[in-house]
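Right, one structure below, let's go through it.
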There are 2 protein chains.
Amino acid sequence: MAETRYQRRKEERPDEIAEAAFDVFSEHGYAGARVDEVARKAGVSKGLLYLYFKTKEELFKAVVMRVISPRMDALIERLSTSEQSAEEFLRGPLTQFMQQLPRSRARVVIKLMISDGSRHPDLVDFYWESVASKGLALISSIIERGVSSGEFRKTAVSELPQLVIAPMMVATVWKIVFADRSLDTDRLVSTHIDMLVSYLKTERSKTR
Amino acid sequence: MAETRYQRRKEERPDEIAEAAFDVFSEHGYAGARVDEVARKAGVSKGLLYLYFKTKEELFKAVVMRVISPRMDALIERLSTSEQSAEEFLRGPLTQFMQQLPRSRARVVIKLMISDGSRHPDLVDFYWESVASKGLALISSIIERGVSSGEFRKTAVSELPQLVIAPMMVATVWKIVFADRSLDTDRLVSTHIDMLVSYLKTERSKTR
DNA sequence: ATATTTACTGACTAATGGGTCAGCAAGATT
DNA sequence: AATCTTGCTGACCCATTAGTCAGTAAATAT
């Protein structure tokens with residue numbers, strides 16, 4: 001008998017706690033999250049949690065950064081090594097990326113930025129610098145590449161990369177708010193890209 | 001001397017309190033909002049607040065509903081009495097609506113749906129029934145009208161009205177998260193509508 | 001003026017929740 | 001086997017906050 005009451009697992013604890021915290025923050029946001037619940041979900045006492053994370057705030061930041069950091073680099077990487085035409089890139093890797101984001105953990109980060117960003121401005125800055133600005137710049141550069149190669153005509157889209165990711169945003173917000181109500185997000189994204197490419201390739205300039 | 005310490009204003013109080021609550025919930029979300037702060041901002045004691053609203057929860061719902069209710073009806077109204085072509089409607093009233101929403105109070109409702117919707121499912125239902133579903137149905141019907149009049153070709157857009165409002169969503173989220181970083185939301189919306197109309201009017205079907 | 005009604009106050013309570021710490025026991029060292 | 005180190009527990013503290021209520025004074029009636 002004399003079951004061991006716990007194991008010492010110095011290495012794994014931070015990750016396990018962060019993982020549990022991700023779930024809890026994801027569901028309740030920062031203010032609504034309970035540190036006790038995080039500890040419980042991580043199968044750990046609250047005291048231990050505070051041994052690895054000084055404050056709730058720090059835990060929150062750690063959790064968000066954990067998700068952000070690896071994310072964008074992957075896509076950036078995939079581009080810079082790519083030799084596809086602009087259209088191929090939009091229809092291929094970018095479409096894929098936008099389709100899976102609403103299902104991924106990044107969705108949660110977006111939710112947290114919206115709900116708690118105003119009280120964690122440094123997190124917003126970090127998100128901006130390491131994800132948003134890079135991602136948008138990437139898209140702009142793709143469009144520009146298409147324009148200068150003669151593939152696309154010159155449009156306002158070059159300066160409005162937000163237009164490209166718009167369906168991803170809708171799909172993400174939809175999943176957050178209307179999780180149960182169905183929406184074919186893949187089709188949403190691919191139709192939008194279809195529309196976009198068609199617009200960028202149209203020869204004669206449209207009226208107005 | 002003998003300054004009157006307060007005035008009795010039975011009629012106006014609920015609105016004034018709801019107004020203050022709107023600001024506070026808007027800034028902090030449901031869990032982060034403090035009832036004391038609402039009372040303070042409304043220039044009222046907490047006791048009085050609880051005379052008009054039974055719980056924080058009820059106050060929250062009242063606030064959200066106050067903003068939702070009048071909103072959609074206005075647009076629906078404007079449509080049913082309109083005799084414009086589909087394109088005119090998209091470029092006119094709808095563009096206008098989508099341009100001003102990110103600046104309006106409705107933006108706050110969207111934020112609250114995202115951040116606190118999961119813990120107030122009945123509010124989400126209410127929002128769905130009185131705003132989202134109606135608005136999307138409206139847009140679908142406009143597209144359909146254009147299709148059946150021969151103005152537009154048949155595309156997936158008819159079944160994906162979310163595609164039409166996508167730039168509004170981006171603009172709204174942008175304002176919430178990156179308030180300080182500039183974005184020409186009007187141009188975002190109008191360019192998108194331009195793109196959309198162009199797509200809907202293109203004669204020859206695109207490859208793929 | 002005086003009495004009556006009730007909108008309103010502010011001090012209170014009970015409970016919650018972030019954060020702490022003395023002590024315990026798992027595992028390493030000898 | 002005895003000792004030491006430290007990862008870990010859980011009971012505790014206290015600031016905060018949703019919600020209450022006895023009493024006060026503004027407006028109204030008499």
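Every chain is numbered from 1 and lettered A, B, ... according to where its sequence line falls, protein lines coming before strand lines. The structure displayed is predicted, hence computed values, not measured ones.
Remark: side-chain polar atoms of Ser141(B) are paired, donor with acceptor, to backbone N or O of Leu138(B) under 3.5 angstrom. Put simply, the side chain of Ser140(B) never gets that close to the backbone of Pro161(B): no donor and acceptor are under 3.5 Å apart.
Counting only heavy atoms from C-beta outward, the side chains of Phe60(A) and Leu112(A) approach each other to under 4.5 Å. The closest side-chain heavy-atom distance from Glu159(B) to Glu144(B) is not below 4.5 Å.
Among residue pairs with one or both ends in residues 168-182 of chain B, those qualifying as side-chain hydrogen bond (donor to acceptor under 3.5 Å, both in side chains) are Asp125(A)-Arg181(B); sequence neighbours excluded. For the salt bridge (Lys or Arg N to Asp or Glu O under 4.0 Å) condition, the pairs that include at least one residue of residues 112-121 of chain B, sequence neighbours left out, are Asp116(B)-Arg119(B). Sorted by first and then second residue, the ring pair (Phe, Tyr, Trp, His ring centres under 6.0 Å) pairs involving residues 31-54 of chain B (not counting sequence neighbours) form an empty list.
Axis angle, first five pairs versus last five pairs of the helix from dA1(C)-dT30(D) to dT30(C)-dA1(D): 0°, rounded to 10°.
Listed by chain and number, the residues in a side chain to side chain contact (heavy atoms under 4.5 Å, CB included) with Arg66(A) are Asp15(A), Ala18(A), Glu19(A), Arg105(A) (sequence neighbours excluded). For Thr155(B), the side chain to side chain contact (heavy atoms under 4.5 Å, CB included) partners two or more places apart in sequence, or in a different chain, are Arg153(B), Val157(B), Tyr199(B), Leu200(B). A search for side chain to side chain contact (heavy atoms under 4.5 Å, CB included) contacts involving Ala21(A) returns Phe25(A), Val38(A), Leu59(A), Val63(A), not counting sequence neighbours. Remark: Ser118(A) pairs with Lys111(B) by the side chain to side chain contact (heavy atoms under 4.5 Å, CB included) rule, at least two apart or across chains. Under the rule for a side chain to side chain donor-acceptor pair (under 3.5 Å), the partners of Asp186(B) that lie at least two apart in sequence or sit in another chain are Arg103(B).
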Between N or O atoms, less than 3.5 Å apart, protein on one side and nucleotides 2-5 of chain D on the other: list the pairs.
none

Protein-proximity profile, nucleotides 16-23 of chain D, B/S/- by nucleotide at the 4.0 Å heavy-atom cutoff, equals -SBBBB--
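Distance CZ (Arg9(B)) to P (dT28(D)): 14 Å, rounded to an integer number of Å. Glu58(A) has its CD atom 10 Å from the P atom of dG19(C), to the nearest Å. Rounded to whole Å, atom P of dT24(D) lies 10 Å from atom CZ of Arg5(B). Protein atom NE2 of His28(A) is 16 Å distant from nucleotide atom C1' of dG18(C), rounded to whole Å.
The residue Tyr52(A) sits close only to the backbone: its heavy atoms come under 4.0 Å of sugar-phosphate atoms, none of a base.
Using a 4.0 Å cutoff on non-hydrogen atoms, no part of residues 10-20 of chain A comes near DNA chain C.
Between Arg145(B) and Glu151(B), no side-chain nitrogen of the basic residue sits less than 4.0 Å from a carboxylate oxygen of the acidic one, so the salt-bridge criterion is not met.
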